[in-house]
Undergrad: 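Mind looking over this structure? Questions follow.
Worth knowing before you read on, the calculation uses all heavy atoms, side chains too, and leaves out hydrogens, waters and symmetry mates. Below, read A as the first sequence line, B as the second, and so on, with proteins coming before strands; counting in each chain starts at 1.
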Number of protein chains: 2
Amino acid sequence: MSRRERKKRETRARLLAAAGQLFAERGVDAVPIKEITDTADVGFGSFYNYFESKEALYDALVDELYEEFGTALDRLTRDIEDPAEVLATSVRLTLRRARRDPQWGRLLLLEAQKISGATRGLGPRLLRDIRAGISTGRFTAPDPMMSFVVVGYGALGGIATQIQAATDSTMLAAIGISAEALAERNAAALLHALGLDFAEAQRVANSPLPEMTGAFEAFE
Amino acid sequence: MSRRERKKRETRARLLAAAGQLFAERGVDAVPIKEITDTADVGFGSFYNYFESKEALYDALVDELYEEFGTALDRLTRDIEDPAEVLATSVRLTLRRARRDPQWGRLLLLEAQKISGATRGLGPRLLRDIRAGISTGRFTAPDPMMSFVVVGYGALGGIATQIQAATDSTMLAAIGISAEALAERNAAALLHALGLDFAEAQRVANSPLPEMTGAFEAFE
């Protein structure tokens, strides 16, 4: 890679990082391009050398943040045979990722509001896993698309609850939600939603996670 | 009521309506107070005669929009004995309300992202209904708080899907989601999530709605 190319890549990465931070804080619409370039320390005019529009930047950001994670999840769950365990593992690791990196979680909530997440990133993988569980009879919910909506949003609810717990734990405590083992409780509720008996859902949601390397190494 | 008082009320209502429209379009943070007063045709300075801050206005808006609807739902479901039917009726009518009035639905999605909806508006009512179903044994999900998160967000997923269907039906069609009977399919999936056998969930979710008057008269 030439020096010029390397510089271009670095600038693009800086723009994506700045946008990720600002979008997570205030939403895509509230952030002018000028603020992204200022935060990234890039001249306003050169923005368009990298992205056609703010929306194009947003799309690139989502692709990078969630495609990469989804691919890593696919690799990690490749050898798990039980569709319920695949789904629970994915949900648990997604919630843990969002807890370690609330900005990542906030952007996922933002993305879900657009439902565009159904066609890219983690959405299509969730739908695939639900279909697999229905076809083997492990899940009794017969309407894959509606299960996708309910389970997908149900997991987002877990992420939103975690974010809330990190910023204002007293409110959650007042209504009786604790952040402890939230990922596992969420996964158990989602498996039950798909038709597993609750005791079995809990067993699967608390079974040992696969050995984690690479992108997951830092996960506790 | 004096003429002066009536005028004050009207101005307050205009500010709420303008804010509701702008917040639904772009989120609370993206909308400056000046834009709310301009849209409402009210002097910028007099905003503070009505609300302490933009957040105070937002809170008043949420109270008005969802408390009122929640109270109407309470009245309508008062005589229904089966907790599953109470929950399904509330979900179906909430989704229908959001379909008739997408601005209302968008604000509900916005509100949910803050989880503050757990302590006011429709949230506490949903939690109450889930607890009722668990205590009578109608629902087998034993973790009311996690069910609240999953079912609450699952219903929001239904609303988000409806909004998406209204603005871009081709995308949903491409992934196999149709807007038809979405409220009933969503309610059935949520009852199944709470532990009802799917056939029974479907029966309850498609049973006749109570006779609707007042706030619900315009519901088809």
Undergrad: If the plane angle is over 60° it's perpendicular, under 30° parallel, otherwise tilted; pick one for Y66(A) and W104(A).
TA: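 Rings of Y66(A) and W104(A): tilted, 30 to 60°.
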Undergrad: Taking side chain as everything from C-beta outward and backbone as N, CA, C, O, which of these in L194(B) sits under 4.5 Å from a heavy atom of chain A? Side chain, backbone, both or neither.
TA: backbone
Undergrad: If we check side-chain contact (heavy atoms from CB on, under 4.5 Å) with R125(B), which of these qualifies: T71(B), V86(B), L73(B)?
TA: T71(B)
Undergrad: Which bit of Q202(A) comes within less than 4.5 Å of chain B, counting heavy atoms only: side chain, backbone, both or neither?
TA: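 No part of it gets close to chain B.
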Undergrad: Checking T140(A) against chain B: side chain, backbone, both or neither under 4.5 Å from a heavy atom?
TA: both
Undergrad: Considering non-hydrogen atoms only, spot the tightest contact between A155(A) and L95(A) and give its length.
TA: O-CD1, 3.9 Å
Undergrad: Give the member of A188(B), P142(B), G158(B) that has the highest number of heavy-atom pairs under 4.5 Å with chain A.
TA: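 Among the listed options, the one with the most contacts to chain A is P142(B).
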Undergrad: Below 4.5 Å from any heavy atom of chain B, which atoms of I159(A) appear? Answer side chain, backbone, both or neither.
TA: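 Nothing of I159(A), per the 4.5 Å heavy-atom cut-off to chain B.
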Undergrad: Quick one: does R106(B)'s side chain have a donor or acceptor within less than 3.5 Å of a partner on E25(B)'s backbone?
TA: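 Absent.
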Undergrad: For D143(A), is it the side chain, the backbone, both, or neither that has a heavy atom closer than 4.5 Å to a heavy atom of chain B?
TA: side chain
Undergrad: Parallel under 30°, tilted from 30 to 60°, perpendicular over 60°: which one fits the rings of F51(A) and F47(A)?
TA: tilted
